[in-house]
There are 2 protein chains.
Amino acid sequence: MGMTNEGERPPGPPPPPTGAAFLLAQLGAHAAELFAERLAELDLTPPQSGLLRLLADSPGRSQRELADDLGMPPSRFVAFADELEERGLIERRRNPADRRLYEVHLTDEGGKLLEGLRKVGAEHECRLTDGLSGQERDQLTGLLRRLADRQGLSPGVHPGFRSMRTERTERTGRRAGRRSGR
Amino acid sequence: MGMTNEGERPPGPPPPPTGAAFLLAQLGAHAAELFAERLAELDLTPPQSGLLRLLADSPGRSQRELADDLGMPPSRFVAFADELEERGLIERRRNPADRRLYEVHLTDEGGKLLEGLRKVGAEHECRLTDGLSGQERDQLTGLLRRLADRQGLSPGVHPGFRSMRTERTERTGRRAGRRSGR
DNA sequence: TATTGTTATACTCTATAACTATA
DNA sequence: TATAGTTATAGAGTATAACAATA
(Lines give C-alpha, C1' and ligand atoms only; values in the text may rest on other atoms or scores of the structure.)
Protein backbone atom coordinates (compact mmCIF):
# COMPACT_ATOMS: atom_id res chain seq x y z
CA MET A 1 0.00 0.00 0.00
CA GLY A 2 1.86 3.29 0.56
CA MET A 3 1.08 6.45 -1.33
CA THR A 4 2.65 5.64 -4.66
CA ASN A 5 0.91 4.66 -7.86
CA GLU A 6 -0.56 1.25 -7.39
CA GLY A 7 -1.17 -0.20 -10.85
CA GLU A 8 -3.10 2.24 -12.98
CA ARG A 9 -1.03 4.58 -15.12
CA PRO A 10 -0.79 8.10 -13.72
CA PRO A 11 -3.03 10.70 -15.32
CA GLY A 12 -1.78 12.61 -18.32
CA PRO A 13 -1.15 11.66 -21.90
CA PRO A 14 -0.07 8.09 -22.54
CA PRO A 15 3.54 7.69 -23.58
CA PRO A 16 3.89 8.97 -27.14
CA PRO A 17 3.81 6.17 -29.69
CA THR A 18 7.58 6.44 -29.94
CA GLY A 19 8.87 9.61 -31.56
CA ALA A 20 11.49 10.03 -34.22
CA ALA A 21 14.32 10.62 -31.73
CA PHE A 22 13.80 7.35 -29.94
CA LEU A 23 13.33 5.47 -33.19
CA LEU A 24 16.59 6.92 -34.44
CA ALA A 25 18.49 5.79 -31.35
CA GLN A 26 16.87 2.39 -31.45
CA LEU A 27 17.42 1.81 -35.15
CA GLY A 28 20.91 3.27 -34.97
CA ALA A 29 21.94 0.86 -32.25
CA HIS A 30 20.35 -1.96 -34.19
CA ALA A 31 22.13 -0.97 -37.38
CA ALA A 32 25.47 -0.79 -35.57
CA GLU A 33 24.88 -4.15 -33.93
CA LEU A 34 23.95 -5.80 -37.21
CA PHE A 35 26.91 -4.27 -38.98
CA ALA A 36 29.26 -5.46 -36.25
CA GLU A 37 27.94 -8.99 -36.77
CA ARG A 38 28.67 -8.85 -40.45
CA LEU A 39 32.11 -7.40 -39.79
CA ALA A 40 32.86 -10.28 -37.43
CA GLU A 41 32.75 -12.57 -40.46
CA LEU A 42 35.78 -10.67 -41.70
CA ASP A 43 37.30 -10.76 -38.21
CA LEU A 44 36.95 -7.03 -37.90
CA THR A 45 35.46 -4.68 -35.34
CA PRO A 46 33.75 -1.43 -36.35
CA PRO A 47 36.70 0.73 -35.28
CA GLN A 48 39.04 -1.51 -37.25
CA SER A 49 36.91 -1.15 -40.35
CA GLY A 50 36.90 2.58 -39.70
CA LEU A 51 40.67 2.71 -39.75
CA LEU A 52 40.90 0.66 -42.93
CA ARG A 53 38.51 3.00 -44.68
CA LEU A 54 40.38 5.99 -43.34
CA LEU A 55 43.64 4.62 -44.72
CA ALA A 56 42.06 3.98 -48.10
CA ASP A 57 40.93 7.58 -48.31
CA SER A 58 44.09 9.22 -47.01
CA PRO A 59 47.10 6.94 -46.61
CA GLY A 60 50.32 7.79 -44.89
CA ARG A 61 49.08 9.92 -42.04
CA SER A 62 50.55 9.76 -38.55
CA GLN A 63 49.21 7.62 -35.76
CA ARG A 64 48.25 10.64 -33.74
CA GLU A 65 46.15 12.09 -36.53
CA LEU A 66 44.42 8.78 -37.08
CA ALA A 67 43.84 8.32 -33.37
CA ASP A 68 42.26 11.75 -33.25
CA ASP A 69 40.00 10.93 -36.18
CA LEU A 70 38.88 7.73 -34.53
CA GLY A 71 38.37 9.48 -31.21
CA MET A 72 40.79 7.39 -29.21
CA PRO A 73 43.85 8.41 -27.18
CA PRO A 74 47.18 7.76 -28.94
CA SER A 75 48.18 5.27 -26.29
CA ARG A 76 45.20 3.15 -27.15
CA PHE A 77 45.91 3.40 -30.83
CA VAL A 78 49.21 1.55 -30.45
CA ALA A 79 47.83 -1.87 -29.53
CA PHE A 80 44.96 -1.22 -31.88
CA ALA A 81 47.34 -0.77 -34.82
CA ASP A 82 49.65 -3.53 -33.59
CA GLU A 83 47.01 -6.15 -34.11
CA LEU A 84 46.18 -5.02 -37.62
CA GLU A 85 49.86 -4.87 -38.47
CA GLU A 86 50.45 -8.39 -37.18
CA ARG A 87 47.63 -9.54 -39.38
CA GLY A 88 49.34 -7.92 -42.31
CA LEU A 89 46.52 -5.51 -43.06
CA ILE A 90 48.33 -2.27 -42.37
CA GLU A 91 51.95 -1.18 -42.40
CA ARG A 92 53.97 1.40 -40.49
CA ARG A 93 56.71 3.24 -42.35
CA ARG A 94 59.13 5.64 -40.80
CA ASN A 95 58.82 9.14 -42.12
CA PRO A 96 62.37 10.00 -43.23
CA ALA A 97 61.73 13.72 -42.98
CA ASP A 98 60.65 13.50 -39.34
CA ARG A 99 61.77 10.29 -37.78
CA ARG A 100 59.37 10.63 -34.88
CA LEU A 101 56.45 9.91 -37.18
CA TYR A 102 55.13 6.69 -38.60
CA GLU A 103 53.22 6.80 -41.86
CA VAL A 104 50.41 4.30 -41.65
CA HIS A 105 49.46 2.57 -44.89
CA LEU A 106 47.16 -0.14 -46.10
CA THR A 107 48.94 -3.29 -47.33
CA ASP A 108 47.82 -5.14 -50.44
CA GLU A 109 46.06 -7.64 -48.24
CA GLY A 110 44.42 -4.81 -46.38
CA GLY A 111 43.23 -3.43 -49.69
CA LYS A 112 41.73 -6.77 -50.60
CA LEU A 113 39.92 -6.96 -47.27
CA LEU A 114 38.58 -3.50 -47.95
CA GLU A 115 36.82 -4.88 -50.98
CA GLY A 116 35.05 -7.46 -48.87
CA LEU A 117 34.22 -4.67 -46.50
CA ARG A 118 32.55 -2.69 -49.24
CA LYS A 119 30.47 -5.69 -50.16
CA VAL A 120 29.41 -6.23 -46.56
CA GLY A 121 28.49 -2.58 -46.35
CA ALA A 122 26.29 -2.76 -49.43
CA GLU A 123 24.55 -5.89 -48.21
CA HIS A 124 24.03 -4.32 -44.83
CA GLU A 125 22.44 -1.32 -46.48
CA CYS A 126 20.00 -3.57 -48.34
CA ARG A 127 19.16 -5.67 -45.32
CA LEU A 128 18.45 -2.62 -43.22
CA THR A 129 16.28 -0.75 -45.67
CA ASP A 130 14.44 -3.92 -46.64
CA GLY A 131 10.73 -3.31 -47.15
CA LEU A 132 11.16 0.19 -48.55
CA SER A 133 10.66 1.06 -52.18
CA GLY A 134 13.51 2.71 -54.03
CA GLN A 135 11.72 6.02 -53.83
CA GLU A 136 11.09 5.68 -50.12
CA ARG A 137 14.71 4.76 -49.52
CA ASP A 138 15.81 7.90 -51.29
CA GLN A 139 13.30 9.91 -49.31
CA LEU A 140 14.59 8.48 -46.05
CA THR A 141 18.23 9.00 -46.97
CA GLY A 142 17.50 12.57 -47.92
CA LEU A 143 15.76 13.34 -44.65
CA LEU A 144 18.50 11.67 -42.62
CA ARG A 145 21.20 13.54 -44.46
CA ARG A 146 19.48 16.82 -43.78
CA LEU A 147 19.24 15.97 -40.10
CA ALA A 148 22.89 14.94 -39.96
CA ASP A 149 23.84 18.19 -41.64
CA ARG A 150 21.73 20.24 -39.30
CA GLN A 151 23.23 18.45 -36.30
CA GLY A 152 26.74 19.17 -37.53
CA LEU A 153 27.76 15.57 -38.01
CA SER A 154 30.77 15.24 -40.28
CA PRO A 155 30.08 12.74 -43.05
CA GLY A 156 31.75 9.40 -42.58
CA VAL A 157 32.82 9.74 -38.96
CA HIS A 158 31.03 7.61 -36.43
CA PRO A 159 30.99 9.16 -32.97
CA GLY A 160 30.27 5.81 -31.37
CA PHE A 161 33.80 4.58 -31.94
CA ARG A 162 34.76 6.30 -28.75
CA SER A 163 32.93 3.73 -26.67
CA MET A 164 33.31 0.65 -28.80
CA ARG A 165 35.18 -2.58 -28.36
CA THR A 166 38.38 -2.03 -30.34
CA GLU A 167 39.46 -5.64 -30.65
CA ARG A 168 37.68 -8.84 -31.41
CA THR A 169 37.25 -10.99 -28.31
CA GLU A 170 39.08 -14.27 -27.83
CA ARG A 171 42.56 -12.88 -28.30
CA THR A 172 44.40 -15.93 -27.04
CA GLY A 173 48.07 -15.03 -27.34
CA ARG A 174 49.82 -11.92 -26.26
CA ARG A 175 51.03 -9.42 -28.78
CA ALA A 176 54.21 -10.47 -30.51
CA GLY A 177 57.02 -8.11 -29.64
CA ARG A 178 57.67 -5.98 -32.67
CA ARG A 179 60.06 -3.58 -31.04
CA SER A 180 63.10 -2.60 -33.04
CA GLY A 181 64.30 0.84 -32.04
CA ARG A 182 64.40 0.24 -28.33
CA MET B 1 58.98 1.66 -51.81
CA GLY B 2 56.45 -1.11 -51.26
CA MET B 3 53.74 -2.28 -53.59
CA THR B 4 50.77 -0.77 -51.83
CA ASN B 5 48.64 2.16 -52.87
CA GLU B 6 50.74 5.26 -52.70
CA GLY B 7 48.35 8.17 -52.54
CA GLU B 8 45.75 7.94 -55.28
CA ARG B 9 42.49 6.19 -54.40
CA PRO B 10 42.23 2.67 -55.75
CA PRO B 11 40.12 2.21 -58.87
CA GLY B 12 36.44 1.49 -58.51
CA PRO B 13 33.50 3.59 -57.43
CA PRO B 14 34.21 6.29 -54.86
CA PRO B 15 32.78 5.61 -51.42
CA PRO B 16 29.02 6.06 -51.60
CA PRO B 17 27.92 9.47 -50.33
CA THR B 18 26.91 7.81 -47.08
CA GLY B 19 23.94 5.48 -47.28
CA ALA B 20 20.93 5.25 -45.05
CA ALA B 21 22.43 2.53 -42.85
CA PHE B 22 25.46 4.56 -41.90
CA LEU B 23 23.39 7.69 -41.42
CA LEU B 24 21.11 5.76 -39.10
CA ALA B 25 24.01 4.53 -36.99
CA GLN B 26 25.58 7.96 -36.94
CA LEU B 27 22.40 9.83 -36.10
CA GLY B 28 21.37 7.16 -33.63
CA ALA B 29 24.61 7.48 -31.70
CA HIS B 30 24.28 11.24 -31.84
CA ALA B 31 20.70 11.13 -30.60
CA ALA B 32 21.68 8.83 -27.75
CA GLU B 33 24.60 11.04 -26.81
CA LEU B 34 22.50 14.17 -26.86
CA PHE B 35 19.76 12.54 -24.83
CA ALA B 36 22.30 11.33 -22.28
CA GLU B 37 23.49 14.91 -21.87
CA ARG B 38 20.00 16.15 -21.18
CA LEU B 39 19.43 13.26 -18.81
CA ALA B 40 22.55 14.21 -16.91
CA GLU B 41 20.78 17.41 -15.91
CA LEU B 42 18.37 15.19 -13.98
CA ASP B 43 21.29 13.13 -12.68
CA LEU B 44 20.10 10.15 -14.66
CA THR B 45 21.71 7.76 -17.10
CA PRO B 46 19.78 6.31 -20.04
CA PRO B 47 19.35 2.90 -18.39
CA GLN B 48 18.10 4.59 -15.24
CA SER B 49 15.55 6.53 -17.23
CA GLY B 50 14.61 3.28 -18.91
CA LEU B 51 13.87 1.65 -15.59
CA LEU B 52 11.80 4.60 -14.39
CA ARG B 53 9.69 4.48 -17.50
CA LEU B 54 9.37 0.73 -17.21
CA LEU B 55 8.13 1.09 -13.65
CA ALA B 56 5.62 3.73 -14.68
CA ASP B 57 4.16 1.41 -17.28
CA SER B 58 4.12 -1.76 -15.21
CA PRO B 59 4.89 -1.34 -11.51
CA GLY B 60 5.55 -4.11 -9.06
CA ARG B 61 7.46 -6.55 -11.19
CA SER B 62 10.41 -8.56 -9.90
CA GLN B 63 14.02 -7.53 -10.23
CA ARG B 64 14.77 -10.43 -12.51
CA GLU B 65 12.03 -9.50 -14.93
CA LEU B 66 13.17 -5.90 -15.01
CA ALA B 67 16.79 -6.91 -15.45
CA ASP B 68 15.79 -9.08 -18.38
CA ASP B 69 13.86 -6.22 -19.95
CA LEU B 70 16.83 -3.91 -19.59
CA GLY B 71 19.19 -6.55 -20.93
CA MET B 72 21.42 -6.74 -17.89
CA PRO B 73 22.30 -9.70 -15.66
CA PRO B 74 20.41 -9.79 -12.35
CA SER B 75 23.64 -9.39 -10.41
CA ARG B 76 24.22 -6.09 -12.10
CA PHE B 77 20.68 -4.96 -11.47
CA VAL B 78 21.21 -5.03 -7.72
CA ALA B 79 23.68 -2.14 -7.46
CA PHE B 80 21.79 -0.43 -10.25
CA ALA B 81 18.57 -0.48 -8.24
CA ASP B 82 20.40 0.23 -4.98
CA GLU B 83 21.44 3.65 -6.16
CA LEU B 84 17.96 4.62 -7.31
CA GLU B 85 16.50 3.36 -4.05
CA GLU B 86 19.01 5.36 -1.99
CA ARG B 87 17.97 8.40 -3.96
CA GLY B 88 14.39 7.69 -3.05
CA LEU B 89 13.21 7.27 -6.62
CA ILE B 90 12.22 3.63 -6.45
CA GLU B 91 11.13 1.30 -3.71
CA ARG B 92 11.46 -2.44 -3.06
CA ARG B 93 8.57 -4.20 -1.39
CA ARG B 94 8.58 -7.81 -0.34
CA ASN B 95 6.00 -9.90 -2.12
CA PRO B 96 4.08 -11.56 0.72
CA ALA B 97 2.90 -14.36 -1.55
CA ASP B 98 6.42 -15.33 -2.53
CA ARG B 99 8.96 -13.96 -0.14
CA ARG B 100 11.81 -14.50 -2.56
CA LEU B 101 10.55 -11.69 -4.75
CA TYR B 102 10.82 -7.96 -4.45
CA GLU B 103 8.16 -5.84 -6.11
CA VAL B 104 9.84 -2.77 -7.52
CA HIS B 105 7.81 0.40 -7.49
CA LEU B 106 8.21 4.05 -8.32
CA THR B 107 8.07 6.37 -5.31
CA ASP B 108 6.24 9.67 -5.39
CA GLU B 109 9.52 11.43 -5.93
CA GLY B 110 10.32 9.02 -8.72
CA GLY B 111 7.01 9.86 -10.30
CA LYS B 112 7.80 13.55 -10.11
CA LEU B 113 11.16 12.98 -11.76
CA LEU B 114 9.37 11.07 -14.46
CA GLU B 115 7.53 14.25 -15.34
CA GLY B 116 10.79 16.09 -15.86
CA LEU B 117 11.91 13.16 -17.90
CA ARG B 118 8.93 13.50 -20.19
CA LYS B 119 9.70 17.15 -20.73
CA VAL B 120 13.33 16.42 -21.52
CA GLY B 121 12.20 13.78 -23.98
CA ALA B 122 9.88 16.18 -25.77
CA GLU B 123 12.54 18.85 -25.99
CA HIS B 124 15.02 16.32 -27.23
CA GLU B 125 12.61 15.30 -29.95
CA CYS B 126 12.28 18.90 -31.10
CA ARG B 127 15.99 19.60 -31.00
CA LEU B 128 16.77 16.52 -33.03
CA THR B 129 14.17 16.99 -35.74
CA ASP B 130 14.91 20.69 -35.97
CA GLY B 131 14.86 21.92 -39.55
CA LEU B 132 12.11 19.57 -40.66
CA SER B 133 8.57 20.69 -41.42
CA GLY B 134 5.76 19.03 -39.54
CA GLN B 135 4.90 17.03 -42.60
CA GLU B 136 8.49 15.91 -43.10
CA ARG B 137 8.76 14.91 -39.48
CA ASP B 138 5.71 12.73 -39.83
CA GLN B 139 7.11 11.27 -42.99
CA LEU B 140 10.39 10.45 -41.30
CA THR B 141 8.71 8.97 -38.26
CA GLY B 142 6.55 6.81 -40.45
CA LEU B 143 9.47 5.47 -42.43
CA LEU B 144 11.50 4.80 -39.30
CA ARG B 145 8.62 3.01 -37.65
CA ARG B 146 8.19 0.78 -40.65
CA LEU B 147 11.88 -0.07 -40.59
CA ALA B 148 11.79 -0.79 -36.87
CA ASP B 149 8.78 -3.02 -37.42
CA ARG B 150 10.42 -4.86 -40.25
CA GLN B 151 13.59 -5.34 -38.21
CA GLY B 152 11.59 -6.83 -35.36
CA LEU B 153 12.45 -4.11 -32.83
CA SER B 154 10.00 -4.08 -29.95
CA PRO B 155 8.66 -0.58 -29.39
CA GLY B 156 10.14 1.19 -26.43
CA VAL B 157 13.08 -1.07 -25.71
CA HIS B 158 16.52 0.25 -26.44
CA PRO B 159 18.99 -2.52 -27.28
CA GLY B 160 21.92 -0.27 -26.52
CA PHE B 161 21.30 -0.49 -22.78
CA ARG B 162 23.29 -3.67 -22.77
CA SER B 163 26.52 -1.80 -23.32
CA MET B 164 25.82 1.45 -21.57
CA ARG B 165 27.16 3.11 -18.49
CA THR B 166 24.62 2.27 -15.81
CA GLU B 167 25.64 4.84 -13.25
CA ARG B 168 26.58 8.46 -13.38
CA THR B 169 30.31 8.98 -12.97
CA GLU B 170 31.85 10.63 -9.94
CA ARG B 171 30.29 8.37 -7.37
CA THR B 172 32.39 9.47 -4.44
CA GLY B 173 31.12 7.42 -1.56
CA ARG B 174 30.50 3.71 -1.42
CA ARG B 175 27.00 2.35 -1.35
CA ALA B 176 25.39 2.60 2.04
CA GLY B 177 24.66 -0.82 3.47
CA ARG B 178 20.97 -1.43 3.24
CA ARG B 179 20.99 -5.07 4.23
CA SER B 180 18.29 -6.20 6.57
CA GLY B 181 17.50 -9.86 6.07
CA ARG B 182 21.03 -11.14 6.08
C1' DT C 1 15.65 -29.35 -6.55
C1' DA C 2 14.71 -24.75 -8.64
C1' DT C 3 14.58 -19.80 -8.36
C1' DT C 4 15.29 -14.81 -6.49
C1' DG C 5 18.20 -11.86 -4.78
C1' DT C 6 22.82 -11.06 -3.43
C1' DT C 7 27.84 -10.98 -2.93
C1' DA C 8 32.63 -12.02 -4.27
C1' DT C 9 36.03 -12.63 -7.55
C1' DA C 10 38.50 -12.46 -11.54
C1' DC C 11 38.99 -10.33 -15.81
C1' DT C 12 38.72 -6.90 -19.54
C1' DC C 13 39.08 -2.45 -21.00
C1' DT C 14 40.39 2.11 -20.37
C1' DA C 15 42.60 6.55 -19.46
C1' DT C 16 46.56 8.72 -17.17
C1' DA C 17 50.85 9.46 -16.66
C1' DA C 18 55.47 8.44 -17.25
C1' DC C 19 59.35 7.58 -20.52
C1' DT C 20 62.24 7.42 -25.11
C1' DA C 21 63.52 9.25 -29.32
C1' DT C 22 63.49 12.66 -32.14
C1' DA C 23 62.92 17.52 -33.35
C1' DT D 1 61.26 22.75 -24.81
C1' DA D 2 57.79 20.32 -27.50
C1' DT D 3 55.91 16.39 -29.93
C1' DA D 4 55.16 11.20 -31.74
C1' DG D 5 55.15 6.98 -30.17
C1' DT D 6 55.27 3.76 -26.54
C1' DT D 7 54.80 1.41 -22.08
C1' DA D 8 53.21 0.81 -17.31
C1' DT D 9 49.86 1.19 -14.01
C1' DA D 10 45.96 1.89 -11.58
C1' DG D 11 41.05 2.23 -11.74
C1' DA D 12 36.34 1.43 -13.42
C1' DG D 13 32.92 -1.78 -15.06
C1' DT D 14 31.69 -6.20 -16.15
C1' DA D 15 30.22 -11.14 -16.25
C1' DT D 16 30.69 -15.45 -13.83
C1' DA D 17 30.14 -18.13 -10.33
C1' DA D 18 29.22 -18.94 -5.77
C1' DC D 19 25.94 -18.31 -1.81
C1' DA D 20 21.57 -17.62 1.23
C1' DA D 21 16.73 -17.65 1.60
C1' DT D 22 12.60 -19.24 0.06
C1' DA D 23 9.70 -22.09 -2.66
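Remember, it's a predicted structure, so these values are computed and weren't measured experimentally. Side-chain atoms are counted along with the backbone in the values below, which use heavy atoms only and exclude waters and symmetry mates. Proteins come first, then strands; the chains are lettered A, B, ... in the order of their sequence lines, and each starts at number 1.
- The CG-P distance, from Asp98(B) to dA23(D), rounds to 6 Å in whole Å.
- Electrostatic pairing of Lys112(B) and Glu115(B) does not count as a salt bridge here, judged by no charged N lying under 4.0 Å from a carboxylate O.
- Protein atom CZ of Phe80(B) is 12 Å distant from nucleotide atom P of dA15(D), rounded to whole Å.
- Below the 3.5 angstrom threshold, one finds a donor paired with an acceptor across the side chain of Ser75(B) and the base of dT16(D).
- Note: CD (Glu85(B)) to P (dG5(C)) measures 13 Å, nearest angstrom.
- Of the side-chain N and O atoms in Arg76(A), one or more sit less than 4.0 angstrom from OP1 or OP2 of dA15(C).
- Each of Ala97(A) and Pro73(A) was assigned the nucleotide of DNA chain C with the nearest heavy atom; the assignment lying further toward the 5' end belongs to Pro73(A).
- Rounded to an integer number of Å, the gap from CD of Gln63(A) to C1' of dT6(D) is 9 Å.
- Here ring-ring contact (aromatic ring centres under 6.0 Å, His included) pairs that include residues 119-146 of chain B, with residues two or more places apart or in two chains, are Phe35(B)-His124(B).
- Between the P atom of dT16(D) and the CE atom of Met72(B) lies a distance of 15 Å, rounded to the nearest Å.
- For residues 47-97 of chain B, the ring-ring contact (aromatic ring centres under 6.0 Å, His included) pairs, not counting sequence neighbours, are Phe77(B)-Phe80(B).
- Between Arg92(A) and the phosphate of dT6(D), there is a side-chain N or O to OP1/OP2 separation shorter than 4.0 Å.
- The shortest distance between the side-chain N/O atoms of Arg100(B) and the OP1/OP2 oxygens of dA23(D) is not below 4.0 Å.
- Arg61(A) places no side-chain N or O within donor-acceptor distance of the main-chain N or O of Leu66(A), the cut-off being under 3.5 Å.
- Between the CG atom of Leu70(B) and the P atom of dA15(D) there is a distance of 12 Å, given to the nearest Å.
- Counting non-hydrogen atoms under 4.0 angstrom, Ser62(B) reaches the backbone sugars and phosphates but no base.
- Over its full length, the helix from dG5(C)-dC19(D) to dA23(C)-dT1(D) turns its helical axis through 10°, comparing axes from the five pairs at each end and rounding to 10°.
- Although no hydrogens or angles enter the test, the distance criterion places no donor-acceptor pair under 3.5 Å between the side chain of Arg93(A) and the main chain of Glu103(A).
- Rounded to an integer number of Å, the gap from OH of Tyr102(A) to P of dA21(C) is 12 Å.
- Ala81(B) approaches Ile90(B) most closely through the heavy-atom pair O-CD1, 3.6 Å.
- Counting to the nearest Å, the C1' atom of dA2(D) and the CG atom of Leu101(A) are 13 Å from each other.
- At least one donor-acceptor pair under 3.5 Å links the side chain of Thr107(B) to the backbone N or O of Gly88(B).
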